[in-house]
Amino acid sequence: MIRGHIIELTPNNKQATYFAKACGIARLAYNWALAQWQRQYAQDKAYRDACHIMGIDVDESKLLKPTQGKLRKQLNAIKRDKYPFMLEVTKCAPQLNACQLRDFITGRRKTTHFRGWI
């Protein structure tokens with residue numbers, strides 16, 4: 001018989017506040033990355049469609065080509081100015097949630113949605 005371990009966390013008030021902050025920041029990072037991906041993908045699609053209608057070749061240098069790595073770099077570039085509270089928790093909270101979009105971006109998952117409060 002295979003058994004797993006069940007571990008119960010009983011955080012004190014300070015730890016519970018930290019966990020809540022980390023979860024909120026992870027949700028914000030995921031939703032931000034998803035919104036940016038959708039915006040950049042729509043801009044690329046509009047540019048490709050306009051080039052197709054005009055009968056000109058698509059200039060690849062003008063495409064944004066959103067990827068998980070580029071989205072993480074963009075978030076890291078703005079988080080000190082726009083989201084300074086992200087620096088209060090571990091860097092893994094926003095970073096790993098942006099990475100979770102990878103399956104959607106690469107096409108292994110067909111749909112995704114914004115995350116809200118449970």
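Along the sequence shown, residues are numbered consecutively beginning with 1.
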| field | Pairs meeting criterion salt bridge (charged side-chain N to carboxylate O under 4.0 Å, His left out) with involvement of residues 33-51, two or more places apart | value | Lys45-Asp49
| Hey, what do you get for CG (Leu28) to SG (Cys23), rounding to the nearest 0.5 Å? | 13.0 Å
| field | Pairs where residues 91-101 contributes a residue and the test salt bridge (charged side-chain N to carboxylate O under 4.0 Å, His left out) is met, not counting sequence neighbours | value | none
| task | Hey, could you give me each pair passing side chain to side chain donor-acceptor pair (under 3.5 Å) that has a residue in residues 53-64? Not counting sequence neighbours. | result | Asp59-Ser61, Glu60-Lys65
| Quick one: side chain to side chain donor-acceptor pair (under 3.5 Å) pairs with a partner in residues 11-23, sequence neighbours left out? | Lys21-Glu88
| field | Shortest non-hydrogen contact from Ala22 toward Ala93 | value | O-CB, 3.8 Å
| said: Looking only at the side chains, is there a donor atom on one of Gln40 and Gln74 sitting less than 3.5 Å from an acceptor on the other? | reply: yes
| query | From Ile25 CD1 over to Trp32 CH2, what is the distance, rounded to the nearest 0.5 angstrom? | reply | 14.5 Å
| request: Using the rule that two of Ile, Leu, Val, Met, Phe, Trp, Tyr join whenever any of their side-chain heavy atoms come within less than 4.5 Å, decide whether Leu34 and Leu96 are in one cluster. | output: no
| task | Answer yes or no: is there a side-chain heavy-atom contact under 4.5 Å between Leu75 and Met86? | result | yes
| message | Are the side chains of Glu8 and Thr10 in contact, using a 4.5 Å heavy-atom criterion? | response | yes
| task | List for me each residue that meets ring pair (Phe, Tyr, Trp, His ring centres under 6.0 Å) alongside Tyr41, sequence neighbours excluded, and say none if there are none. | result | Trp37
All N/O donor-acceptor pairs, side-chain side in residues 76-83, below 3.5 Å, sequence neighbours left out:
| unit_1 | atom_1 | unit_2 | atom_2 | d |
| --- | --- | --- | --- | --- |
| Asn76 | OD1 | Lys79 | NZ | 3.3 |
| Asn76 | ND2 | Arg72 | O | 3.4 |

| Of the non-hydrogen atoms in Ala16 and Pro11, which two are nearest, and what is the gap between them? | N-CB, 3.9 Å
| query | Atom NZ in Lys70, atom CG in Leu64: separation rounded to 0.5 Å? | reply | 7.5 Å
